[in-house]
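Basis for what follows: all heavy atoms, side chains included, without hydrogens, waters or symmetry-related copies. By convention in this document, chain letters (A, B, ...) are assigned in the order of the sequence lines, proteins followed by strands, and residues within each chain are numbered from 1.
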Protein chains: 2
Amino acid sequence: MGVHKVETLFANSLEDSALSDKQKAVLRASLTLFSEQGFDRTSTADIAKRAQVSEGTVYKHFKTKAEIRSAILSSMGNLVVPAAASEFVAEIDPQALTSLEALLQFVVADRLQFASDNRAVIRVFVQEALMQPALVQNTAQQLTKQFEQGFAPRLHQLIQAKQLVDWPMLRLFRTVAGTVLSYALPVVMLPPANTAFDVEQATAEIVETLLKVLRP
Amino acid sequence: MGVHKVETLFANSLEDSALSDKQKAVLRASLTLFSEQGFDRTSTADIAKRAQVSEGTVYKHFKTKAEIRSAILSSMGNLVVPAAASEFVAEIDPQALTSLEALLQFVVADRLQFASDNRAVIRVFVQEALMQPALVQNTAQQLTKQFEQGFAPRLHQLIQAKQLVDWPMLRLFRTVAGTVLSYALPVVMLPPANTAFDVEQATAEIVETLLKVLRP
DNA sequence: CCCATCAGTGAGTGATGACTCACTACAACT
DNA sequence: AGTTGTAGTGAGTCATCACTCACTGATGGG
């Protein structure tokens with residue numbers, strides 16, 4: 001199923017960028033702390049401590065604390081999300097094309113796994129999105145583009161094959177996203193300990209539900 | 001449809017409590033600022049300024065800044081949510097019982113209106129919920145209780161009348177909540193200017209979608 | 001009329017936290 | 001060996017912010 005941990009993609013994307021080990025440690029520590037306590041409640045001293053680095057080092061590469069957040073979020077918004085999405089689109093099993101059920105099966109399982117793997121980053125993202133509408137809009141646009149290129153054509157095929165109800169793309173997207181969200185949200189919001197989450201079972205339930213709606 | 005603005009219920013609930021006009025102004029200003037900039041980025045000086053009050057006055061009634069937030073959130077969690085919810089349950093048109101469609105129509109329109117009316121408070125709540133899992137769990141419990149008392153019986157009736165698919169209550173809840181969320185989320189996350197939101201049309205679409213899933 | 005009470009004031013305080021800078025260690029090149 | 005460049009250090013600075021307190025003015029009861 002490929003790499004789904006944004007942390008991993010993030011780390012990989014840092015290998016290329018000429019950052020020293022300590023700088024990477026700073027970014028990793030920041031991501032952890034931001035997701036645990038929030039950006040504002042994380043001091044640069046905290047970051048330095050967690051990264052086992054002096055506070056000066058934190059500022060050697062990043063001019064401000066906000067720049068650290070930017071590094072994480074832009075990596076997320078402009079690099080990781082599209083990367084994950086296109087990887088994801090590219091990965092779609094060609095045979096998944098043939099049946100609505102197989103397509104849903106794949107998409108739903110994939111996104112649930114994504115949500116469950118990336119609690120931390122999602123939390124940072126949501127937190128920031130609440131204060132920066134532009135961030136929401138950018139990401140929405142990115143996703144829309146990916147969706148229109150990767151998905152819409154396949155959906156049109158399914159509609160023509162009378163396997164999929166003939167609704168506007170936005171409505172199809174909403175239906176799937178909403179149902180997936182209703183399972184993913186508790187996983188992201190609650191501590192992992194409280195949520196014994198069975199991706200397979202959830203997927204089965206969601207797909208069953210969606211098939212009822214999405215068949216013509 | 002009764003009062004749905006949490007701000008209004010909140011204000012009403014303050015009328016009773018023996019707070020002076022200035023104290024109420026403090027709470028109102030705090031709510032606005034918290035929802036606009038977040039709790040951490042709002043200074044007590046900001047609050048005082050917005051409430052047209054000296055900083056000392058802010059601390060006359062509330063011992064700490066966190067106490068202001070508590071006043072807002074607990075009012076939300078322990079008072080307003082149940083109040084709104086039970087008001088809401090009590091309001092359900094008896095005739096709505098007879099048909100699944102009428103019930104959905106009412107519930108969906110009501111919750112959409114709620115989301116659209118209460119962007120500000122919802123944002124404060126989500127922001128805080130990200131850092132306090134306990135808050136999520138408390139609210140979830142409150143809602144569950146209300147749901148089980150107010151809704152579950154009616155749903156059981158509909159199931160027995162073969163009007164509603166025989167799924168566990170949690171799954172029924174998820175289905176409805178997920179679909180409503182897929183319409184409500186953009187409204188809450190994006191600035192109102194960008195979202196010309198037509199509750200009626202959205203309701204119609206959601207109900208149509210839900211009927212497809214929820215019929216046996 | 002005087003005193004007590006109390007909401008309200010705003011200058012002040014101590015702590016915190018983002019950011020700086022003079023310095024060190026070390027590697028690479030001449 | 002000497003020079004230069006670069007990553008890293010951590011004590012120090014300055015602004016901000018949550019919170020305090022000595023004071024004021026208005027209200028009302030005796």
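- Distances shown here put a side-chain N or O of A:Thr57 below 4.0 Å from the OP1 or OP2 atom of D:dT9.
- Of the candidates C:dC19, D:dC19, C:dG8, the closest approach to any side-chain atom of A:Thr44 belongs to C:dC19.
- Contact check, A:Ser54 against D:dT9: a side-chain N or O comes under 4.0 Å of OP1 or OP2.
- Looking at A:Thr179 and A:Ser182, their side chains never bring a donor and an acceptor atom within 3.5 Å of each other.
- One interatomic measurement links the two molecules: OH of A:Tyr59 to P of D:dA7, which rounds to 19 Å at whole-angstrom precision.
- Annotation for A:Glu67: atom CD counts as buried by contact number, over 12 foreign heavy atoms lying within 6.0 Å.
- For the pair B:Lys49 NZ and C:dG8 C1', the computed distance is 19 Å after rounding to whole Å.
- Closest to the side chain of A:Glu55, out of C:dT9, C:dC19, D:dT9, is C:dC19.
- Taking atom CD of A:Gln23 as the reference point, atom C1' of D:dA7 lies 8 Å away to the nearest angstrom.
- Atom NZ of A:Lys60 and atom C1' of C:dA18 are 17 Å apart (whole Å).
- Of all nucleotides listed (D:dT9, D:dC19, C:dG8), D:dT9 comes nearest to the side chain of A:Lys22.
- One atom, CD of B:Gln52, and another, P of C:dT9, lie 10 Å apart when rounded to the nearest Å.
- Remark: A:Lys65 fails to qualify as a cation-pi partner of A:Tyr59 under the 6.0 Å distance and 45° angle criteria applied to the six-membered ring.
- For the pair A:Asp40 CG and D:dT16 P, the computed distance is 16 Å after rounding to whole Å.
- With distances taken from any side-chain atom of A:Ser43 to the nucleotides D:dT9, D:dC19, C:dG17, the minimum falls on C:dG17.
- Judged by the 6.0 Å distance and 45° axis criteria, B:Arg69 is not positioned over the aromatic ring of B:Phe34.
- Whole-Å rounding puts the A:Phe62 CZ to C:dT20 C1' distance at 18 Å.
- Comparing A:Arg41 and A:Lys63, the nucleotide of DNA chain C nearest to each residue sits closer to the 5' end for A:Arg41.
- Note on B:Val53: only backbone sugar-phosphate atoms sit closer than 4.0 angstrom, heavy atoms only; bases stay farther off.
- Rounded to a whole Å, the CG atom of B:Asp46 is 12 Å from the C1' atom of D:dA18.
- Between the side chains of B:Thr209 and A:Arg171, at least one donor N or O sits under 3.5 Å from an acceptor N or O.
- Listed nucleotides: C:dG10, C:dC19, D:dA7. Nearest to the side chain of A:Thr64: C:dC19.
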